[in-house]
Protein chains: 2
Amino acid sequence: MMNFTLRQLRYFDALARLGHFGRAADACAISQPAMSMQIRELEEALGSELFERGARQVRLTQLGEDFAGRVGEILRAVDELEDVARAARDRLTGRLRIGVIPTVAPYLLPAIIGELTRVHPELDIRIRETVTPNLLEELAEGRLDTAIVALPVSEASLTETPLFEETFVLVRPKSDEAKPVPNREALREMRLLLLEEGHCFRDQALSFCAMRSARPRELLDGSSLSTLVQMVGAGIGVTLIPEMAVGVETRSAAVSVARFEGPQPSRTIGMIWRRTSPLAYRLAEIAEIVRRAAAAERAA
Amino acid sequence: MMNFTLRQLRYFDALARLGHFGRAADACAISQPAMSMQIRELEEALGSELFERGARQVRLTQLGEDFAGRVGEILRAVDELEDVARAARDRLTGRLRIGVIPTVAPYLLPAIIGELTRVHPELDIRIRETVTPNLLEELAEGRLDTAIVALPVSEASLTETPLFEETFVLVRPKSDEAKPVPNREALREMRLLLLEEGHCFRDQALSFCAMRSARPRELLDGSSLSTLVQMVGAGIGVTLIPEMAVGVETRSAAVSVARFEGPQPSRTIGMIWRRTSPLAYRLAEIAEIVRRAAAAERAA
DNA sequence: ATTCATCATCAGAAATAATTATCAGAAAGA
DNA sequence: TCTTTCTGATAATTATTTCTGATGATGAAT
């Protein structure tokens, strides 16, 4: 029942090629008896001889000849394993599944993807855009490698690293442009348009206004920041959006953007991954790249 | 530099399929720590992790996923080696290179080949027909597995086993049919046609006549028994041929065949092979088949 | 016949792998 | 929360395998 070993196959290969126990042993950096023993063991495991030992030469039997080809193939495949592992170790290679929350994705992704593929062209990047709870679940199940969300997440099983801080700005109808910027209390009296349930940005906005939950009457839910801004442009109310979305979202709508005075509302965007992920230290590297891309994006 | 082992690949395969150290260890009939250690060793040899150990589950990393396929292939190929060896051991399979001397080949081969392929249909039989010295050389060099020649050969490195005894008969012109059969002395005075140098049958015929070597004048060399018989039919002289050749060779020529009186000239035909040949015990079996085929042929 | 080359064999040493017992961390249930 | 349970890691020990260096045996070459 004793199965043979890879070592024996390597010795066999050497002996098959060199046809000489002593030289094959040298080639394998072992002593000649070790070579003899392992070959014999291999033959015993097989129940047939692979070599015909003449006094002057060692010849492959027909079975040996057959083996030589097959074993060569096997050893090639085995050595390939090492290559595969090395390639995976040296460069960041293959699939990288990134999850991103919807209030960040449209504004950050172009820059991130551009920078990542520039630095690691062999990377196969897959993006998943959904709300934080979904991202956390998929991360835990191993369907995502990392996610970009608002911190903190406070999951012991996850590592988190901040990427950048982003402030929220007020978006109101163009007609309000000249009016003073409302403070938090004043804001509470206005018609505040928010994203639908599930988006963390909704909670962050509410939290800024010191509102526990939305008063159903006065609020209208939108499914994306774009929608909210369009609604503002139509004079339905006001909304908050992250600084980063300003450029893209307010271009085509008749709205005005204003910064709050005093304490700026803001949130921290960060990257998270399973603490146990073998990509962990790779992901730290990727976080750095993303940080750079985000900084460049915000500067523009 | 330490390379990994087949054993580790088998353990890896089990773990990759079962996703559980304990169960994989059971499947491999080892303890769980042994499994853990070997997997870790494999990972260390590769320099990358193959599994991501979660508290509740063991998941393949991307590299591990890649490995799973490759390792499966490798193990399949390795197990195939065993199959190949077993097939070679159980049945006589593959190539069998038989050398035969020219004074036996045409008469014996049809029966031998027929019988051998009947008993071992998977046998790939190759025939080499040449004179004994060539056969011995090719046998020694491993270019032949066995040879059928006249015994004795008396080479210590070769095993020989007799197949059958065959007597020589006199072939003379049809016109001589009524004359008494000459004895050895009388034969010496006749024009004896012989095979050219190198054929053992030439030496055996000369030896019967108690002649050391042929007297150049009186002899004429032929390159085959057929030629000799044709020459006899043309009235050029007389010749000896092995009993076994009578049926084939004297059919179409105007010759008469006569047995000698008293001590019959004869030779032993046998099979030889390298004592070191791993086919040795197989060849004994083949010799038995050949013996049977020859007996059947001679009976007909 | 003697020497040389070459592979086999042996006994002890070194390296490898296995076992049992135990630990530590995370998930699940009370 | 606080256990309990599940799971893999670690440690110490034992068993097995593999290697080496010395020696033996055998056939080929001088």
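All values derive from a computational prediction rather than experimental measurement.
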Pairs meeting criterion salt bridge (Lys or Arg N to Asp or Glu O under 4.0 Å) with involvement of residues 13-27 of chain A, two or more places apart
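Residue pairs passing salt bridge (Lys or Arg N to Asp or Glu O under 4.0 Å), neighbours aside: A/D13-A/R17.
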
Scan for salt bridge (Lys or Arg N to Asp or Glu O under 4.0 Å) pairs involving residues 270-279 of chain A, sequence neighbours excluded, and state none if there are none.
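Those involving residues 270-279 of chain A are A/R274-B/E52.
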
Using a 3.5 Å cut-off and no angle test, enumerate the donor-acceptor pairs between side-chain atoms of residues 63-70 of chain A and protein atoms at least two apart in sequence or in another chain.
residue, atom, partner, partner atom, Å
A/D66, OD1, A/R70, NE, 3.0
A/R70, NH1, B/E80, OE1, 2.9

For the residue pair A/F164 and A/L108, establish whether any side-chain heavy-atom pair is separated by less than 4.5 Å.
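Yes. Closest side-chain heavy atoms under 4.5 Å.
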
Is there a side-chain contact between B/L109 and B/I127 in this structure, where contact means two heavy atoms from C-beta onward sitting under 4.5 Å apart?
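Yes; the side chains approach each other to less than 4.5 Å.
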
Gap between atoms [atom1] and [atom2], on [X] and [N] respectively (whole Å):
X: B/I30; N: D/dT14; atom1: CD1; atom2: C1'; answer: 16 Å
X: B/E44; N: D/dA9; atom1: CD; atom2: P; answer: 12 Å
X: A/L50; N: C/dC7; atom1: CG; atom2: P; answer: 16 Å
X: A/L6; N: D/dT18; atom1: CG; atom2: P; answer: 12 Å
X: B/F4; N: C/dT16; atom1: CZ; atom2: P; answer: 16 Å
X: A/F51; N: C/dA8; atom1: CZ; atom2: P; answer: 10 Å
X: B/D26; N: D/dG8; atom1: CG; atom2: P; answer: 11 Å

Determine whether B/L60 and B/F51 satisfy the following criterion, side chain to side chain contact (heavy atoms under 4.5 Å, CB included), listing intermediate values before the conclusion.
CA-CA 4 Å; B/L60 282 166; B/F51 296 95; 3.4 Å; yes

Ignoring hydrogens and geometry beyond distance, is a side-chain donor-acceptor pair present between B/E49 and B/T61 at under 3.5 Å?
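No - no donor-acceptor pair under 3.5 Å links their side chains.
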
Suppose we screen for side chain to side chain donor-acceptor pair (under 3.5 Å). Which residues come up paired with A/E160, at least two apart in sequence or across chains?
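Scan of A/E160 (side chain to side chain donor-acceptor pair (under 3.5 Å), adjacent residues dropped) gives none.
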
I'd like to check the side chain to side chain donor-acceptor pair (under 3.5 Å) partners of B/T130; sequence neighbours left out, ordered by chain and number.
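Residues passing side chain to side chain donor-acceptor pair (under 3.5 Å) with B/T130: B/N134.
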
Under 3.5 Å, which donor-acceptor pairs do the side chains of residues 145-157 of chain A form with other protein atoms, sequence neighbours left out?
residue, atom, partner, partner atom, Å
A/D145, OD1, A/R97, NH2, 3.0
A/D145, OD2, A/R97, N, 2.7
A/D145, OD2, A/R97, NE, 3.2
A/T146, OG1, A/I272, O, 2.8

For A/F21, ring pair (Phe, Tyr, Trp, His ring centres under 6.0 Å) partners two or more places apart:
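With sequence neighbours excluded, A/F21 shows a ring pair (Phe, Tyr, Trp, His ring centres under 6.0 Å) to no residue whatsoever.
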
Residues that A/F201 engages under ring pair (Phe, Tyr, Trp, His ring centres under 6.0 Å), provided they are two or more places apart
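A/F201 satisfies ring pair (Phe, Tyr, Trp, His ring centres under 6.0 Å) with A/F168 only.
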
Determine, step by step, whether A/L158 and A/L136 satisfy the side chain to side chain contact (heavy atoms under 4.5 Å, CB included) criterion, reporting the C-alpha distance in whole Å, the side-chain angles of both residues, the deciding distance to 0.1 Å, and the verdict.
CA-CA 9 Å; A/L158 299 178; A/L136 294 183; 3.7 Å; yes

Run B/T5 and B/Q8 through side chain to side chain contact (heavy atoms under 4.5 Å, CB included) and show every step you take.
CA-CA 5 Å; B/T5 70; B/Q8 287 166 347; 3.3 Å; yes

Nucleic acid contacts - residues 35-42 of chain B versus DNA chain C, non-hydrogen atoms under 4.0 Å:
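Here the set is B/M37, B/Q38, B/E41.
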
Given protein heavy atoms under 4.0 Å, the one-letter contact record of nucleotides 22-30 of chain C, with B base, S sugar-phosphate only and - none, is simply ----SS---

Which of residues 9-25 of chain A have a heavy atom under 4.0 Å from DNA chain D?
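By residue number: A/Y11.
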
In this structure, which stretches of DNA chain C are paired as stems of three or more consecutive Watson-Crick or G-U pairs, both distances less than 3.5 Å?
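Correct response: C:1-30 with D:1-30.
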
Toward the 5' end of DNA chain D, by each residue's nearest nucleotide, A/S31 or B/Q57
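Whichever sits nearer the 5' end wins; that is B/Q57.
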
Please tell me if A/R53 has a side-chain N or O lying less than 4.0 Å from either OP1 or OP2 of C/dA8.
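For C/dA8, OP1 or OP2 has a side-chain N or O of A/R53 closer than 4.0 Å.
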
Would you say C/dT16 has OP1 or OP2 under 4.0 Å from some side-chain N or O of B/R7?
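No, no such contact exists.
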
